[in-house]
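I have placed the structure first, in the form of structure tokens, so that the comments after it can refer back to it.
Ligands are counted one by one from 1 in listed order, and the atoms in each one are counted from 1 as well.
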Amino acid sequence: MLWLYVLAAALSTAWLRRRQKTHRIPAVNGSDGLIASYRTALIFLRNAPDVLEQGYYQFPNGVFRVPTLMRWDYVANGAARISEVAAAPEDLLSFHQGIGDNIESDFTMGEPITRNPYHGHAIRGGLTRNLARCFLEVSDELVCAFDEVLALEDEWKLVPVLPSMMQIVARVSNRLLVGLPLCRDQEYLNFNINYTINIFLRGRLIALLPDVLKPILSPFIAARNTLMNRMLKFVGPMIEERLRNENEFGSEWEDKPVDLLSWLLELAEGPERTPPALALRMLAVNMAALHSTSSALTSALYDLTTYPNHIEPMRAEAKRAVQQEGWTKAAINNMHMIDSFLRESQRLNGSKLIALPRKVVAKEGFTFSDGTNVPYGAILGVSGRVVHYDPANYENAAVFDGFRFSRVREGEGGPARPMVATGVDHLSFGHEPNACPGRFFAAMELKAMLAHILIHYDVRAEQEGVRPRDTMIGLHISPSRKGKIWMRKRI
Ligand code: HEM
Ligand SMILES: *[C@@H]1O[C@H](CO)[C@@H](O)[C@H](O)[C@H]1NC(C)=O
Ligand SMILES: *[C@@H]1O[C@H](CO)[C@@H](O)[C@H](O)[C@H]1NC(C)=O
């Protein structure tokens with residue numbers, strides 16, 4: 001009964017929200033009329049990349065609308081507009097409400113996450129500052145995790161890529177975030193992996209509700225207390241002990257652990273200094289870190305086995321770097337081909353369809369410098385994937401060329417474009433000033449993992465020359481969940 005009601009209510013508000021027209025901003029594919037808009041919304045659901053590509057070439061340097069079943073979304077094109085969206089202040093275009101929109105994070109996770117996103121600063125500051133210092137621990141975990149999760153000998157075995165990399169990435173990332181022994185607790189890892197999926201599904205259900213009903217009904221859908229109690233079972237004791245120590249010894253004490261909790265406590269104030277509030281931040285960071293990184297690693301392995309001519313040059317580079325610097329962060333920093341390969345993999349398969357999602361929070365709407373106005377409450381983003389495939393931005397744009405960025409770096413001129421550099425033509429990590437704060441860690445971790453694979457494993461495609469097809473659900477692209485590759489230990 002409840003669901004029927006929700007559905008009816010959703011349809012009627014969808015109708016109202018959809019009717020608000022902004023005549024000055026054109027709709028993609030002439031989809032302004034009621035029937036045309038729902039037809040395009042359905043096409044968009046099944047084949048979003050094509051619809052967005054149409055909008056990209058139909059309105060170069062312009063802004064267009066795409067109809068979804070519930071509302072119109074706004075997409076801006078061209079370098080100048082991308083820069084304007086990226087640079088807009090939080091009180092005009094909200095970054096945090098924009099990235100929280102598709103999971104309805106105010107209701108699923110709670111308002112502090114979007115209104116006081118200090119955990120992002122803890123990543124940008126404490127975590128990033130400590131990368132070199134933590135490298136040994138991270139790489140120790142990496143070696144054990146590959147050994148245990150893959151359990152390979154010198155015989156070829158078919159490895160399901162995404163599930164395996166998910167487990168490895170969760171473990172390695174959590175060695176840095178929470179340390180031993182929790183980073184090896186399978187239940188803790190699975191809970192964090194599932195949490196993202198959980199929140200996403202609950203968020204999609206809440207999104208169907210009319211705005212007035214969201215605060216009333218979402219508590220039943222979000223199950224915040226249940227989820228929080230499960231997280232507290234894992235991290236509650238650790239947080240309580242840390243808070244006791246801070247109360248007793250102040251913010252600096254001997255043997256204070258170097259981990260996420262310490263970086264959070266450097267910034268947490270007032271009500272944020274409680275076990276549930278801190279546990280929620282730990283969940284939020286895991287949520288941002290795990291799926292993104294394991295998808296990137298999975299894509300890179302699909303690319304490595306689909307385009308195997310890259311294997312030997314990168315293997316040689318990794319061995320050389322380790323010989324010169326030992327297995328250290330300095331060695332990782334010297335792996336320019338591996339860096340370029342990962343960036344290229346992100347370029348072709350690691351960007352959102354709509355990048356830089358922002359919510360218009362200025363009452364008078366958001367006005368571009370040419371006067372184009374996007375209304376209050378709308379979600380505005382910029383073309384994502386299609387920018388990476390635009391021949392105006394990249395030579396042979398549709399072709400995977402793993403060393404296109406390292407060749408430039410090795411002296412063919414042009415600015416260095418390491419993996420962590422964002423740009424109006426590279427939006428995988430968003431764009432400054434609100435680019436992903438975890439990207440320095442992600443890049444270090446991914447490069448170390450790829451180097452480890454190259455040095456210690458042989459890899460080949462399940463079917464020569466066939467890259468497992470990406471899955472697409474609406475606006476969400478993910479590397480194939482079922483794809484496999486052959487792997488064996490090198491001796
Ligand atoms: C290859 C891996 C990764 C990719 C592709 C990625 C991508 C992104 C992107 C595009 C954003 C901007 C928001 C958006 O457009 O959705 C973002 C935000 C964020 N990322 Fe990442 N990310 C990755 C890894 C990580 C890691 C490892 C961490 C943590 C250690 C992390 C922490 C965050 C946080 C906390 C935010 C929100 C920013 C804030 O609240 O200020 N990310 N990420
Ligand atoms: C979490 O994920 C694991 C592994 O994918 C699965 O076995 C388990 O049933 C999931 N648990 C929950 C509560 O969703
Ligand atoms: C992933 O990359 C390959 C090229 O390596 C490309 O053919 C494919 O279309 C990409 N998938 C998506 C969804 O962009």
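Taking the six-membered ring where the residue is Trp, the centroids of F403 and H310 are separated by under 6.0 Å. Between F429 and F440, the ring center distance fails the sub-6.0 Å criterion.
Counting the atoms of ligand 1 from 1 in the order shown, those under 4.0 Å from a heavy atom of P357 are 15 (O). Listed by number with element, the atoms of ligand 1 under 4.0 angstrom from any heavy atom of G430 are 10 (C). Remark: ligand 1 atoms within the under-4.0 Å shell around heavy atoms of A296 are 1 (C). Those atoms of ligand 1 that come under 4.0 Å of a heavy atom in T293, given as number and element, are 2 (C), 24 (C), 27 (C). Taking every non-hydrogen atom of S428 and a distance limit under 4.0 Å, the qualifying atoms of ligand 1 come out as 5 (C), 7 (C), 10 (C).
Closest to atom 7 (O) of ligand 3, if we only count protein heavy atoms, is Y389 OH, 5.0 Å. Scanning the protein heavy atoms around atom 33 (C) of ligand 1, the nearest turns out to be A288 CB, 3.4 Å. Protein heavy atom in closest approach to atom 36 (C) of ligand 1: P437 CD, 3.6 Å. Regarding atom 14 (O) of ligand 3, its nearest protein heavy-atom neighbour is R385 NE, 2.7 Å. Given atom 13 (C) of ligand 1, the protein heavy atom at minimum distance is I99 CG2, 3.2 Å. The nearest protein atom to atom 4 (C) of ligand 1, hydrogens excluded, is given as F429 CE2, 3.4 Å; this is a heavy-atom distance. Looking at atom 30 (C) of ligand 1, its nearest protein heavy atom turns out to be F441 CD2, 3.9 Å. Annotation: atom 13 (C) of ligand 3 to nearest protein heavy atom, D470 OD2, 3.3 Å. Looking only at heavy atoms of the protein, atom 10 (C) of ligand 3 is closest to N349 ND2, 2.7 Å. The protein non-hydrogen atom at the shortest distance from atom 29 (C) of ligand 1 is A289 CB, 3.8 Å.
Only the side chain of K352 comes within 4.0 Å of ligand 1, judged by heavy-atom distances. With a 4.0 Å heavy-atom cut-off, ligand 3 is reached by the side chain of Y307 but not by its N, CA, C or O. Heavy atoms from both the backbone and the side chain of C436 come within less than 4.0 Å of ligand 1.
D303 places none of its side-chain heavy atoms less than 4.5 Å from the side chain of E344. Residues L52 and V66 meet the side-chain proximity criterion, which asks for heavy atoms closer than 4.5 Å. Looking at heavy atoms from C-beta onward, L150 lies in side-chain contact with Y457 at the 4.5 angstrom threshold.
Remark: of the listed residues R407, E317, M419, E317 is the sole one forming a side-chain contact (heavy atoms from CB on, under 4.5 Å) with H336.
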Intermediate values then yes/no, salt bridge (Lys or Arg N to Asp or Glu O under 4.0 Å), E84 and R81: CA-CA 5 Å; E84 270 190 77; R81 291 198 196 268; 5.2 Å; no
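The cationic atom of R439 (NZ for Lys, CZ for Arg) does not lie both less than 6.0 Å from the six-membered ring centre of F441 and within 45° of the ring axis. Note that R343 lies in the cation-pi zone of F405, set by a 6.0 Å cut-off to the ring centre and a 45° limit from the axis.
Using a 4.0 Å threshold on non-hydrogen atoms, atom 2 (O) of ligand 3 counts as touching the protein.
Using a 3.5 Å distance cut-off with no hydrogens or angles, the side chains of E148 and Q167 do not pair a donor with an acceptor. Side-chain polar atoms of R404 and N396 form no donor-acceptor pair below 3.5 angstrom.
Side-chain atoms of R417 do not come within 3.5 Å of backbone N or O of S406 as any donor-acceptor pair.
Within the structure, the closest approach of H96 to ligand 1 falls below 4.0 Å when heavy atoms are considered.
A salt bridge is defined here as a Lys NZ or Arg NE, NH1 or NH2 lying under 4.0 Å from an Asp or Glu carboxylate O, and R347 with D401 fails to meet this definition.
Between G438, S299, S292, it is S292 that holds the heavy atom closest to atom 23 (C) of ligand 1.
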